[in-house]
Amino acid sequence: MFLLLMTKKRRLRIASYNINGINSRLAVLTRWLAEFQPDVACLQELKCTDEVFPREAIEAAGYSAIWHGQRSWNGVATLSRVGEPVETRRALPSDPKLEQSRYLEAAVCGILVGNMYAPNGNPRPGPKFDYKLEWMDRLHEHAAGLLGSGVPAVLIGDFNVIPSDRDVYKPERWLKDALFAPEARERYEQLVAQGWTDAIRHLHPDERIYTFWHYWRNSFQRDAGIRIDHALLSPSLAKKLKSAGVDRTPRGWEKTSDHAPIWVEVEA
DNA sequence: ATGTCTGGCCCGGCCAGA
């Protein structure tokens, strides 16, 4: 019995949640942390400056955190209840718009966690779409370096890319959208092809899986969604993948985000 | 085509971004 306990491997639950305004969703966030109990939680779209990040509420929930905010838009934070995240970088190398808070990388429990919020890119064509593609090119370069280093790593967050027809309720409605643009989908495909494992799709190859539903026209009730939040695992971490999915529960709450959290469980 | 939210501006509805 003693031996059994000693050799029992524990699981680490790493989640990602585009919270769409951390201060206006604080009740949703703390409820989700309490109910879902992620060990690591990567948040995107904080929409707050560093000064007004709700550190006390996060700590009261049992998490230590690092964050990179920005006025009005973007913003990423990495929360952990399994040791303080050790920050390794707070932007992609050579991001063409460094003032945008879109990437926060940290070591937690021996895993390198890249928390990302890729540009939306609409309207297409235009400068915002150009920036989306440039940003994805920078991500591609950086991700290749991570794989080359051999470190167990996960790239997790809002990629703002619908990878395939299976990931959208009506593909024909999204043909002109930056999230479903061939140029963006190609880049996502090429990124995965470096050797990353799209954890949720890998474990659920045939399911319709969505992570985002518009607020309007009862999209969530009709399940008219898209899959744009992803978790990519490096080969060494993919070997330890046990389960992965989308937690749709908080999407049904009052005053909630338009995204649902995603999660992976790996053997620690 | 529509639709719904948030934050900013600077105090009451608009605008941009998503």
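Keep in mind it's a predicted model, so treat the numbers as computed, not measured. Naming: A, B, ... by sequence-line order, numbering from 1 per chain.
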Separation of the [atom1] atoms in [N] and [M], to the nearest angstrom:
N	M	atom1	answer
dA1(B)	dC14(B)	P	25 Å
dC10(B)	dC5(B)	P	26 Å
dT2(B)	dG7(B)	C1'	23 Å
dG17(B)	dC11(B)	C1'	22 Å

Review point. Hey, does Ile22(A) have a side-chain heavy atom less than 4.5 Å from the side chain of Pro54(A)?
Key: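 Yes, at least one pair of side-chain atoms sits under 4.5 Å.
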Review point. Should the pair Arg185(A) and Phe180(A) be classed as cation-pi, given the thresholds of under 6.0 Å to the six-membered ring centre and 45° from the axis?
Key: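 Yes, a cation-pi geometry holds between Arg185(A) and Phe180(A).
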Between [X] ([atom1]) and [N] ([atom2]), how many Å, whole number?
X	N	atom1	atom2	value
Arg173(A)	dA1(B)	CZ	P	11 Å
Arg222(A)	dT2(B)	CZ	P	17 Å
Gln44(A)	dT6(B)	CD	P	18 Å
Phe212(A)	dT6(B)	CZ	P	13 Å
Leu26(A)	dT6(B)	CG	P	14 Å
Glu172(A)	dA1(B)	CD	C1'	15 Å
Trp174(A)	dG3(B)	CH2	P	16 Å
Asn218(A)	dG3(B)	CG	P	14 Å

Point to revise | Under 4.0 Å protein heavy-atom contacts per nucleotide of nucleotides 11-18 of chain B, with B for base, S for backbone only and - for none | key: ------SS
Practice item. Check the angle between the aromatic planes of Trp213(A) and Tyr210(A) and answer parallel, tilted or perpendicular using the 30° and 60° thresholds. Key: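 Trp213(A) and Tyr210(A): perpendicular rings.
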Review point. Taking only side-chain nitrogens and oxygens of Arg25(A), does any of them come within less than 4.0 Å of OP1 or OP2 of dT6(B)?
Key: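 Answer yes for this pair, as a side-chain N or O of Arg25(A) is under 4.0 Å from OP1 or OP2.
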Exercise for review: Using a cut-off of strictly less than 4.0 Å, decide whether Arg71(A) has a side-chain nitrogen or oxygen near OP1 or OP2 of dG7(B).
Suggested key: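 Indeed not, no polar side-chain atom of Arg71(A) lies that close.
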Review point. Per the salt bridge (Lys or Arg N to Asp or Glu O under 4.0 Å) rule, which among Asp167(A), Asp158(A), Asp165(A) passes with Arg227(A)?
Key: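 That would be Asp167(A).
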Check your understanding: Under the side chain to side chain donor-acceptor pair (under 3.5 Å) test, which residues partner Arg217(A), sequence neighbours left out?
Key ->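 For Arg217(A) there are no side chain to side chain donor-acceptor pair (under 3.5 Å) partners, ignoring immediate neighbours.
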Practice item. Name all residues meeting the salt bridge (Lys or Arg N to Asp or Glu O under 4.0 Å) criterion together with Glu87(A); count only those two or more places apart in sequence or in a different chain, and write none if there are none. Key: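 Result, salt bridge (Lys or Arg N to Asp or Glu O under 4.0 Å) vs Glu87(A): Arg90(A).
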Review point. If you draw a 6.0 Å radius around NE2 in His214(A), do more than 12 non-hydrogen atoms from other residues or ligands fall strictly inside?
Key: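 Above 12, so yes.
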